[in-house]
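Reviewing the structure listed below.
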Amino acid sequence: MIEMRKTRNLPELLSWRKEVIEHVFGETPGSDLLKANENYYEQQISLGLHEAFIASFEGKDAGCGAICYSFELPSPDNPSGKCAYLMNIYVREPFRAHGIGHCIVSHLIDEARKSKCGKIYLETTEEGRRVYASLGFRDMKDMMKLYDTEHQNN
């Protein structure tokens with residue numbers, strides 16, 4: 001059985017974030033990046049702009065996911081202007097292929113809808129694409145990303 005719980009516990013959040021960075025990005029985060037994540041959690045959670053959840057499977061922590069809330073100008077496709085960026089979605093390898101990823105993302109979608117988000121989006125790896133597509137996510141058209149190495153902190 002898969003159970004979802006919300007967490008605001010900073011050491012737990014940082015531990016999961018470190019694990020996600022190591023397994024998804026393939027690198028060990030340095031102390032500056034971990035401190036930046038700590039600052040993010042402290043600020044964004046206190047403002048109600050970040051919610052994090054842990055998925056347990058058979059009593060063991062198996063995965064995580066979060067919502068980062070933001071606002072844009074209201075438009076016909078998002079009259080509320082509230083957006084939910086689903087992030088830090090991860091399932092530990094021994095727990096994969098049990099529907100945990102699907103459960104995490106479904107839970108995040110439900111939470112975002114309860115918060116009246118008119119736009120829900122995420123970034124994906126090739127490995128996660130199938131799960132997200134099964135829940136109704138589609139590739140976004142007319143969107144580009146600036147890769148500006150001049151302003152990135154190393």
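Residue indices begin at 1 and follow the sequence shown.
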Requested in this report: Hey, could you give me the CG/OG distance between Asp110 and Ser115, rounded to the nearest 0.5 Å?
Outcome: 11.0 Å
Requested in this report: Just jot down the ring-ring contact (aromatic ring centres under 6.0 Å, His included) partners of Tyr69, sequence neighbours excluded, or say none.
Outcome: none
Report summary line: Separation between CG (Asn37) and CD1 (Ile21), nearest 0.5 Å, reads 5.0 Å
**Report entry** Donor-acceptor under 3.5 Å (Arg92 side chain, Asp61 main chain)
**Finding:** yes
**Report entry** Nearest heavy-atom neighbours spanning Pro79 and Pro74
**Finding:** O-CB, 3.2 Å
Query - Between Asp77 and Ser75, a side-chain donor and acceptor under 3.5 Å - result: yes
Report task. May I ask whether Trp16 and Val24 are part of the same hydrophobic cluster, defined by side-chain heavy atoms of I, L, V, M, F, W, Y residues being less than 4.5 angstrom apart, directly or through others? Result -> yes
Requested in this report: For residues Pro29 and Lys18, report the shortest heavy-atom separation together with the two atoms involved.
Outcome: CG-CG, 3.8 Å
Requested in this report: Check the hydrophobic clustering (I, L, V, M, F, W, Y; side-chain heavy atoms under 4.5 Å; chains of links allowed) and say if Leu13 and Leu49 are grouped together.
Outcome: no
Requested in this report: State plainly whether one hydrophobic cluster holds both Ile109 and Tyr90, where clusters connect Ile, Leu, Val, Met, Phe, Trp and Tyr through side-chain heavy atoms under 4.5 angstrom apart.
Outcome: no
Query - Heavy-atom pair of closest approach, residues Ile2 and His98 - result: CD1-O, 3.8 Å
**Report entry** Minimum heavy-atom distance Arg113-Ile120, with the two atoms named
**Finding:** CG-CD1, 4.1 Å
Query raised in the report: Do the ring planes of Tyr121 and Tyr85 sit parallel (below 30°), tilted (30 to 60°) or perpendicular (above 60°)?
Result: tilted
Query raised in the report: Roughly how far apart are Leu86 CG and Tyr132 OH, rounded to 0.5 Å?
Result: 8.0 Å
Query raised in the report: Can you check whether Glu42's main-chain N or O pairs, donor with acceptor, with Ser46's side chain at less than 3.5 Å?
Result: yes
Requested in this report: Please answer whether the main-chain N or O of Lys82 pairs with a side-chain N or O of Asn78 as donor and acceptor at a distance below 3.5 Å.
Outcome: yes
Query - Donor-acceptor pair, side chain of Arg5 and main chain of Phe53, under 3.5 angstrom - result: no
Query - Contacts of type side-chain contact (heavy atoms from CB on, under 4.5 Å), residue Ala62, not counting sequence neighbours - result: Phe57, Phe95, Ile100
Query - Co-membership, hydrophobic cluster, residues Met4 and Ile54, 4.5 Å side-chain - result: no
Query - Residues that Glu127 engages under salt bridge (Lys or Arg N to Asp or Glu O under 4.0 Å), provided they are two or more places apart - result: Arg96
Report summary line: What one should report as the nearest heavy-atom pair of Ala133 and Arg138 is O-NH1, 3.1 Å
Query raised in the report: Between Ile104 and Gly63, which heavy-atom pair has the shortest distance, and what is it?
Result: CD1-C, 3.9 Å
Query - Joint cluster assignment, Ile67 & Met87, ILVMFWY side-chain distance < 4.5 Å - result: no
Report summary line: When rounded to the nearest 0.5 Å, the distance separating NZ of Lys119 from CD of Glu72 is 3.5 Å
Query raised in the report: Any donor-acceptor pair under 3.5 Å linking the side chain of Thr124 with the backbone of Arg129?
Result: yes
